[in-house]
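Here's the structure, in structure tokens; my notes come after.
A, B, ... follow the sequence lines: proteins, then strands. Residue 1 opens every chain.
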Number of protein chains: 2
Amino acid sequence: MKYSKQRELIQNTVLENRIHPTADDVYNMLKPIHTNLSLGTVYRNLNTLVENGTIIKISMPNGSDRYDGDLSKHDHMVCDQCGKVFDIKTEGLLNIVQKIENTTDFEVRDYQLMIHGLCHNCKESKG
Amino acid sequence: MKYSKQRELIQNTVLENRIHPTADDVYNMLKPIHTNLSLGTVYRNLNTLVENGTIIKISMPNGSDRYDGDLSKHDHMVCDQCGKVFDIKTEGLLNIVQKIENTTDFEVRDYQLMIHGLCHNCKESKG
DNA sequence: TCAATATTAATAACGGTTACTGTTATTAAT
DNA sequence: ATTAATAACAGTAACCGTTATTAATATTGA
Ligand SMILES: [Mn+2]
Ligand SMILES: [Mn+2]
Ligand SMILES: [Zn+2]
Ligand SMILES: [Zn+2]
């Protein structure tokens, strides 16, 4: 299937900017050059790309959903101060989840670990 | 500090119903008897109780926040079918998080594991 | 008793997201 | 090339969960 110009722009923006952008971030990155892009189009295509498995969506406890072009299984830390999202590799977490699945009658489909705290920069600028 | 009648009702509802109710759930449980209770009052007092450390709030990836009277550190599984939320004890997760904290310059304040899947009932009724 | 304070019910406003609508672009068949 | 069918678009209204505002009511304490 061939993609529309807009969908391609939106996909590339997520894939090339590994900052876990929100829909609004993507919109604001593209809007200056592609002046008649609509925010609704960004949301619609981000959802389509998630359904296609091209990108993933990260639900944030407070604030907008974020999108991620890194399809490898990984988790995230979010800085409560500046809102930046960082990738983490969680070796051993799968084992924990599998143990839970084995000791309950729950069928696991997916799981996410989210760590909250302060990033390096924000830790320094607080004292 | 003495609590208002409303706050006490709301607190008791969360503490006595360990189903991880939403604000709307709490409202709907109380409204039939306390006919002039306002949904805004439920939200406001739930927030106050969370600030006081009397209850905790669980952010759900899709849908409303849920509230929990169980203050012990634990995590949750949510059924993608029926939406029910189940408690899980995650032995070993703290170690994983501490290892991440030690190998990064991130200061961890809190963390949550959320597992998605199918509960026992919904697994059966699908085949 | 009376004023100061806290909390409420009701409702408007908000932020993020989705749904609708009429238009434009793409594709495939004549 | 013209047409018809389909897909995607821009623009915007509607939606949903939550928070903020406001005027009224309840509680406290001199
Ligand atoms: Mn990531
Ligand atoms: Mn719980
Ligand atoms: Zn930070
Ligand atoms: Zn279920």
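Rounded to whole Å, the distance from CG on B:Leu30 to C1' on C:dT8 is 15 Å. Put simply, CD on A:Glu51 is 10 Å from P on C:dT18, counting in whole angstrom units.
No side-chain donor-acceptor contact under 3.5 Å links A:Thr48 and A:Asn45.
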Evaluate salt bridge (Lys or Arg N to Asp or Glu O under 4.0 Å) for B:Arg109 paired with A:Asp80, printing each intermediate quantity in order.
-> CA-CA 9 Å; B:Arg109 285 182 168 168; A:Asp80 294 329; 3.8 Å; yes

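Judged by distance alone with a 3.5 Å cut-off, no donor-acceptor contact links the side chain of A:Ser64 to the base of C:dG16. No N or O donor and acceptor, one from the side chain of A:Ser4 and one from the base of D:dA8, sit under 3.5 Å apart.
The listed nucleotides are D:dT19, C:dT11, D:dA8; the one nearest the side chain of B:Ser38 is C:dT11. With distances taken from any side-chain atom of A:Gln6 to the nucleotides D:dG11, D:dT19, D:dC9, the minimum falls on D:dC9. Out of C:dT7, C:dT17, D:dC9, the shortest distance to the side chain of A:Arg7 is found at D:dC9.
For D:dT19, neither phosphate oxygen OP1 nor OP2 lies less than 4.0 angstrom from any side-chain nitrogen or oxygen of B:Tyr43. Applying the 4.0 Å criterion to OP1 and OP2 of C:dA9, one finds that B:Thr41 has a side-chain N or O inside that range. Dashed line: the shortest gap from a side-chain N or O of B:Asn45 to OP1 or OP2 of C:dT8 is under 4.0 Å. An OP1 or OP2 oxygen of C:dT17 is reached within less than 4.0 angstrom by no side-chain nitrogen or oxygen of A:Asn47. Distances shorter than 4.0 Å separate some side-chain N or O of B:Arg44 from OP1 or OP2 on C:dT8.
Within the 4.0 angstrom heavy-atom criterion, no nucleotide atom of any strand lies near A:Asp24.
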Side chains of residues 12-21 of chain A: which donor-acceptor pairs under 3.5 Å do they make with residues two or more places apart or in other chains?
| residue | atom | partner | partner atom | Å |
| --- | --- | --- | --- | --- |
| A:Asn12 | ND2 | A:Glu8 | O | 3.3 |
| A:Thr13 | OG1 | A:Leu9 | O | 2.7 |
| A:Asn17 | ND2 | A:Thr13 | O | 2.8 |
| A:Arg18 | NE | A:Leu15 | O | 2.8 |
| A:His20 | ND1 | A:Val85 | O | 3.4 |
| A:His20 | NE2 | A:Asp68 | OD2 | 3.1 |
| A:His20 | NE2 | A:His76 | NE2 | 3.2 |
| A:His20 | NE2 | A:Asp87 | OD1 | 2.9 |

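A salt bridge is defined here as a Lys NZ or Arg NE, NH1 or NH2 lying under 4.0 Å from an Asp or Glu carboxylate O, and A:Asp110 with A:Lys73 meets this definition.
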